[in-house]
Amino acid sequence: MKKITFVVGGCRSGKSRHAQNLAEAAAQTRRIYIATCIPYDDEMKDRIIRHQNDRDRSWHTVEAPVALPEAVADAGKTANVVLVDCLTLWTTNLLLTPETSDRIDRYVRDLTDALDDASCPLILVSNEVGAGIVPENPLARRFRDVMGIVNQRVAACADEVVWTVAGIPVIIKKAESAMP
């Protein structure tokens, strides 16, 4: 049964671990992990390796640092579950790529359309960036504003939204149960 779950939280809040647990509970086979990270430095490469080591062989990884809507559309047709980790890095990639930075609204619409069209459970991970201070530079403020809009749009189309705090998942939007 299709269900869209949006897992959002601060850095190191346990959101990726919780999202993976949800995905593994949803399906035992044909699990697709859509990765959005571009590893610019050794520390990020190490993080990617840790994430990869956390997944067993039942997972197939698709790299989609920019073409996330297309990756979700493709995976949503054949997978038993899709996990996207994470929207924060995807949004960063869009902002920092000259060809895409002025078309972020279109990319987000394409993503929500792909979520609507998918036939399997989807779990998306993102950072909550609006709870901190106002950034001091224009790019950081633009990122915070754009990320807030991306999170709002994905949360609006999600059946369930989970906020992770200190490793604890807190449901802030609950999927409606089917009427008997």
Side-chain angles (χ1 to χ4, degrees), residues 4-101 104 107-108 110-111 114-115 118 120-129 131-132 135 139-140 142-144 146-148 150-151 154 158 161-169:
I4 301 170
T5 304
F6 182 46
V7 181
V8 64
C11 294
R12 308 304 299 164
S13 64
K15 60 192 174 296
S16 291
R17 182 180 63 247
H18 179 67
Q20 184 174 326
N21 289 341
L22 290 174
E24 289 174 349
Q28 299 303 309
T29 60
R30 293 191 354 232
R31 299 171 176 158
I32 297 181
Y33 182 98
I34 301 178
T36 62
C37 182
I38 298 173
Y40 289 109
D41 56 44
D42 289 339
E43 187 270 337
M44 192 56 87
K45 290 175 185 172
D46 290 342
R47 283 179 183 260
I48 290 169
I49 290 168
R50 282 197 310 271
H51 273 275
Q52 290 169 338
N53 290 337
D54 286 343
R55 297 188 303 274
D56 65 27
R57 299 179 82 179
S58 67
W59 286 95
H60 172 70
T61 301
V62 173
E63 303 285 340
V66 173
L68 180 59
E70 296 85 350
V72 169
D74 289 344
K77 296 174 190 170
T78 61
N80 288 335
V81 66
V82 173
L83 171 56
V84 175
D85 198 356
C86 78
L87 296 179
T88 314
L89 292 170
W90 176 63
T91 302
T92 299
N93 298 338
L94 292 175
L95 275 171
L96 296 179
T97 304
E99 303 83 42
T100 60
S101 66
I104 293 173
Y107 277 85
V108 175
D110 290 348
L111 175 61
L115 296 174
C120 68
L122 300 120
I123 301 156
L124 299 99
V125 177
S126 189
N127 285 305
E128 172 52 54
V129 298
L139 178 59
R142 181 166 184 235
F143 169 75
R144 181 216 41 205
V146 169
M147 193 70 249
V150 170
N151 284 346
V154 172
V161 178
V162 180
W163 181 39
T164 56
V165 181
I168 301 169

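Just so you know, residue 1 is the first one in the sequence shown, and it goes up from there. Remember, it's a predicted structure, so these values are computed and weren't measured experimentally.
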Where Thr92 and Phe143 come nearest, the two heavy atoms and their spacing: OG1-CE1, 3.4 Å
The side chain to side chain donor-acceptor pair (under 3.5 Å) partners of Ser126 (sequence neighbours excluded) come to Thr88, Asn151
Does the side chain of His51 come within less than 4.5 Å of Ile48's, by heavy atoms? no
Rounded distance [0.5 Å steps], CG in Leu89 versus CG in Leu94: 11.0 Å
Tell me, please, which residues at least two apart from Arg144 pass side chain to side chain donor-acceptor pair (under 3.5 Å). none
Between the CD1 atom in Ile49 and the CG atom in Asp54, the distance rounded to the nearest 0.5 Å is 12.0 Å
When you compare the side chain of Leu122 with that of Val84, does any pair of heavy atoms fall below 4.5 Å? no
Before giving the answer on side chain to side chain contact (heavy atoms under 4.5 Å, CB included), spell out for Tyr107 and Val150 the whole-Å C-alpha distance, their side-chain angles and the decisive distance to 0.1 Å. CA-CA 10 Å; Tyr107 277 85; Val150 170; over 6 Å; no
CD-CD1 distance between Glu63 and Ile38, expressed to the nearest 0.5 angstrom: 10.0 Å
pair Leu124-Ile4: side-chain heavy atoms closer than 4.5 Å: yes
Could you tell me if the side chain of Val82 sits less than 4.5 Å from the side chain of Val62, heavy atoms only? no
Return the NZ to SG distance between Lys15 and Cys86, rounded to the nearest 0.5 Å. 7.0 Å
Show the nearest heavy-atom pair for residues Met147 and Asn127, with the distance to one decimal. CG-O, 4.3 Å
Is the backbone of Thr36 close enough, under 3.5 Å, to the side chain of Asn93 for a donor and an acceptor to pair up by distance? yes
Side chain to side chain donor-acceptor pair (under 3.5 Å) filter on Trp163, not counting sequence neighbours, yields none
Do Leu111 and Leu87 come within less than 4.5 Å of each other through their side chains, counting heavy atoms only? yes
What are the two closest non-hydrogen atoms of Asp85 and Ser16, and how far apart are they? OD2-OG, 2.7 Å
Heavy-atom pair of closest approach, residues Leu83 and Gln20: CD2-CA, 3.9 Å
When you compare the side chains of Gln52 and Trp59, does any donor N or O come within less than 3.5 Å of an acceptor on the partner? no
Rounded to the nearest 0.5 Å, what separation is found between the CG atom of Leu96 and the OH atom of Tyr40? 6.5 Å
With Asp46, which residues qualify under side-chain contact (heavy atoms from CB on, under 4.5 Å), at least two apart? Arg50
Going from OG1 on Thr29 to CG on Asn80, what distance comes out if it is rounded to the nearest 0.5 angstrom? 4.5 Å
Nearest non-hydrogen partners of Thr164 and His18, listed with the distance: CG2-CB, 4.3 Å
Set of salt bridge (charged side-chain N to carboxylate O under 4.0 Å, His left out) partners for Asp56, sequence neighbours left out: Arg31
Can you check whether Val165 reaches Ser13 side chain to side chain, under 4.5 Å on heavy atoms? no
Do Trp90 and Val108 come close enough that some side-chain heavy atom pair is under 4.5 Å? yes
Determine the minimum heavy-atom distance between Ala73 and Ala114, stating which atoms define it. N-CB, 3.9 Å
Who are the side-chain contact (heavy atoms from CB on, under 4.5 Å) partners of Asp74, not counting sequence neighbours? Lys77
Please step through side chain to side chain contact (heavy atoms under 4.5 Å, CB included) for the pair Val66 and Glu99, ending with a clear verdict. CA-CA 11 Å; Val66 173; Glu99 303 83 42; over 6 Å; no
Any non-hydrogen side-chain atom of Arg47 less than 4.5 Å from a side-chain atom of Met44? yes
